[in-house]
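Inspection log for the structure reproduced underneath, given as structure tokens.
Values below: every heavy atom of this structure, side chains too, minus hydrogens, waters and symmetry copies.
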Amino acid sequence: MLRLAPVLTLAMMLGPVAAGLLGTLLPAAGYVPVLGGTAVSLEPLRMFLTQPGIGMSAALSLSTGLVATFGAFAAVVVFTAAFEGTRFFRALRRLLSPLMAVPHAAAAFGLAFLIAPSGFAMRLLSPWATGFQRPPDLLIVGDPLGLTMTLGLMAKEIPFLFLMLVAALPQADALRSRRVAASLGYAPVAAWLTTVLPRVYPQIRLPVFAVLAYATSVVDVALILGPTTPPPLAVRLAAWMNDPDLSQRFMASAGAMTQLGLSLFAILLWVCGERLAAKLGRLWIESGRRSAAEELSAALSGAAMVMLAGAMLAGLALLALWSIAGPWRFPDALPHHLTLRAWTMHAHAAEDAIITTVAVALPVVVVAITLALACLENETRDGLTVRHRSLPLLYLPLIVPQIAFVFGLQVLFLTAGLHDTLFAVALGHMVFVLPYVFLALSDPWRAIDPRYGHIAGALGASPTRTFWRVRLPLARKAVATAAALGFAVSVAQYLPTLLIGGGRISTVTTEAVALAAGGNRQLVGIYALLQMLLPFAAFLLAAAVPGIAHRHRAENEATA
Amino acid sequence: MTEALIFDKVEITLAGRDLISLDRSIEPGEVLTVMGPSGIGKSTLLAHAAGFLDPVFAARGRVLSGTTDLTGLPPHQRRLGLLFQDPLLFPHMSVGENIAFALPPELHGRTRRRQAVATALADVELAGFETRHPATLSGGQKARVALMRVLEAQPRALLLDEPFSRLDAALRDQIRQLVFAKARERGLPVLLVTHDRADAEAAGGPVVDYG
């Protein structure tokens, strides 16, 4: 039974990706009997390519995704190079850790509330500095080049990339490498870039690809912060896929395959960049250059990290404030008074959304944790690690753009009569929750001293008893954290919920994004805040429950 | 060319408790051995000189190279060559790149730098090892590359933190002689921290024993 776990896990994760891709490819070629298409043709592709502004949409997706990923990557890498080991570095690390669990949509709303023409920043400056009595007619949110969207994506991806990088540092022997390089005369940034980066980069490469694929195909952030004339490609695809006119879906499928190609192209460009960087790195090493614009690098990366983290935190605080704001006219810096009116008015609808969100997330997390534990326990009993072989497979669902296969899944569920059900949505979420749960659980699990198991066995405990009474209790804290992370991932899902749920399954995230165009800030505040509070509640539970029971054993526990 | 390495009334304390102190001048070409069992903090002397002292310790006194006060300088401007227990060759660089990484940037031109790498390797009987990967070297070969890497950075002095303790007995004596010979050849002051009396004897210089 346990031996089936790895196969089952891969099937749950990769099955939907493969089936979904096929389900997208067939209509892209004009073949969907259910929708009346039986002849294979290039007509969908032709139709897609003749849509007005489609080239601009594709260019926007590519540029915003590449710039946001590169910006976040550069900020994180240079910041770590300049500050690793300092108090400032540790402080920022503590600040950024919880931000990783904030859903993209909530972060995007927060940023919009901060920097929009009628946003908090403009209110603080008006009218005394700007002279504005009314919000200026500026296209800050939704600018045609997608600059604000790029900034939002960057701010949201920085915590993720930063934590992935920090987790990889010990394996790169970062401290001793920096010391050797310093004793050879290398200034901090130069030392880090030449001796630590080449060794940590392979470990954060797949997460970077995941960010790149996500950023080039994002829908929710683009709906909130992105341009509309035209919007990025994925936004248009999502609209066609939801169109009541079913014939749009052939064209949408052709577009989804194009999106897949576009995201892969972005990764290809990145890989070319890697090659170039490696070449330049070799030249640098041979030249013996001892510094790398040290002060400037430190100042720029420090400022970028503090400003983006600060903007995110300020944005989240604004969400909370708006949700309880009474009348709040421009250019008042603060609301006239605070009220719970919006909350009481929408309590009922919000409650429904919360129940649906939890009803999807909880079973998904339970199944994901069970599968991950079964895989890891199987691995422990066999005494082998499949880490290197399976890691790219784990990342696959995160690297294939969601829109390329979620739409195909929708078509398949439609065919199977499972469309618009909680079950189908849960299956869709599983694809994204499983990799994160597995990644969060595997390192702490593998770090458990195997001798505890050996001792238990020598004392006569069966493998099953050893699992339940020895290994699982030791990994309890890691399991709780992985479960909270999985919960957060499920809560944040927008596109799979929207498409597979056919618009009929409303979670706090789909509700929040649906409100983006409406302009009711109190209501947006409520749903974006709920989006954030649900994962935080999960992490609080994870932090509290196992700790209380056996506090004195903390030093032996595996931690995530 | 080189100047003495001076520990001017250096005292290191941990939480107000005196840990270790040193008030000595190490002349060019001289090896000062600091002996003592592990745990007495002799490595903190070295960390203090190199600028890596953990902030839980407090240090008084100055470390100078001749008349240059190093105490306030950041680690990368002190130019003190460090050898650790492990050779710590960078695994993402070839043997030649490990040496080239250490060559001063003032040495311009690809040909001249490659020539300098070749000379350095030949100097420790590793001629032609430029493209080898560090992982393919024996323990003794790694130690020799690490030594040349430190020397090619043209340090003001050498700081050795039990650099021979991980080598097996037969190799240890050979590497020991090589390190001391090279340091003397270049007239470098050397601070050696060890718990092995044989190291002190081979060094042949003054010994400060905290045992």
Side-chain angles (χ1 to χ4, degrees), chain A residues 81-90 168-169 171-205 274-275 277-295 297-298, chain B residues 46-47 49-55 70 73-94 96-114 116-117 130-131 146 148-161:
Chain A
F83 294 102
E84 196 204 340
T86 65
R87 205 169 294 168
F88 181 39
F89 186 80
R90 286 190 291 275
L169 284 176
Q171 290 158 65
D173 208 1
L175 180 68
R176 295 200 302 174
S177 298
R178 279 191 291 131
R179 286 190 173 174
V180 171
S183 77
L184 296 175
Y186 281 78
V189 176
W192 199 92
L193 292 180
T194 49
T195 68
V196 182
L197 182 61
R199 298 167 73 183
V200 286
Y201 183 71
Q203 313 215 37
I204 58 166
R205 192 166 182 241
E274 284 174 354
R275 294 272 160 87
K279 277 226 164 64
L280 293 175
R282 299 245 161 246
L283 287 179
W284 182 356
I285 283 166
E286 277 207 60
S287 78
R289 233 189 92 165
R290 297 305 206 256
S291 62
E294 299 287 326
E295 278 88 15
S297 313
Chain B
L46 215 137
F52 299 136
L53 193 64
D54 192 294
L70 303 179
L73 292 178
H76 67 275
Q77 287 171 11
R78 299 190 182 200
R79 287 184 38 226
L80 295 176
L82 276 164
L83 278 182
F84 301 90
Q85 285 180 350
D86 300 306
L88 296 179
L89 298 180
F90 296 118
H92 60 289
M93 301 181 196
S94 67
E97 284 170 337
N98 264 284
I99 305 278
F101 187 69
L103 289 173
E106 293 76 32
L107 182 65
H108 286 296
R110 191 174 240 216
T111 332
R112 286 170 63 198
R113 290 182 72 85
R114 293 207 165 159
V117 170
E130 280 89 342
T131 57
M148 287 322 287
R149 186 174 66 176
V150 158
L151 294 176
E152 288 306 321
Q154 301 183 353
R156 295 176 156 118
L158 281 190
L159 305 173
L160 311 181
D161 191 1

Ring pair (Phe, Tyr, Trp, His ring centres under 6.0 Å) involving A:Tyr186 - partner list, sequence neighbours excluded: B:Phe101
Validation row: B:Phe90, A:Val180 side chains within 4.5 angstrom (heavy atoms): yes
Greatest number of heavy atom pairs closer than 4.5 Å to chain A - which of B:Ser94, B:Pro91, B:Pro75, B:Pro104: B:Pro91
Euclidean distance, B:His108 NE2 relative to A:Ser287 OG, rounded to 0.5 Å: 9.5 Å
Exercise: identify the closest heavy-atom pair between B:His92 and A:Thr195: CE1-O, 3.4 Å
Which atom of B:Pro105 lies closest to which atom of A:Gly288, heavy atoms considered: CB-O, 3.4 Å
Residues, nucleotides or ligands: over 12 heavy atoms within 6.0 Å of A:Glu295 CD: no
Leading residue by heavy atom contact count with chain A [cutoff under 4.5 Å; candidates B:Gln77, B:Arg78, B:Arg114, B:Arg110]: B:Arg114
Residues of residues 148-155 of chain B near chain A, each having a heavy atom less than 4.5 Å away: B:Arg149, B:Val150, B:Ala153
Which portion of A:Arg199 sits near chain B, non-hydrogen atoms under 4.5 angstrom: side chain
From A:Ser183 atom OG to B:Leu80 atom CG, the distance as rounded to the nearest 0.5 Å: 8.5 Å
Interatomic distance, A:Arg176 atom CZ to B:Asp86 atom CG [nearest 0.5 angstrom]: 4.5 Å
Qualifying residues under side chain to side chain donor-acceptor pair (under 3.5 Å), relative to A:Arg178, sequence neighbours excluded: A:Glu84
A:Arg290 CZ to B:Glu106 CD distance, which is reported to the nearest 0.5 Å: 8.0 Å
Results of side chain to side chain donor-acceptor pair (under 3.5 Å) for B:Arg113 - residues two or more places apart only: none
Part of A:Ala190 within contact of chain B (heavy atom distance under 4.5 Å): neither
Separation between CG of B:Leu103 and CG of A:Leu184, rounded to the nearest 0.5 Å: 10.0 Å
Heavy-atom closest contact (B:Met93 atom, A:Thr194 atom, distance): CE-O, 3.8 Å
Per-residue contact mode, B:Ala50 against chain A (heavy atom under 4.5 angstrom): neither
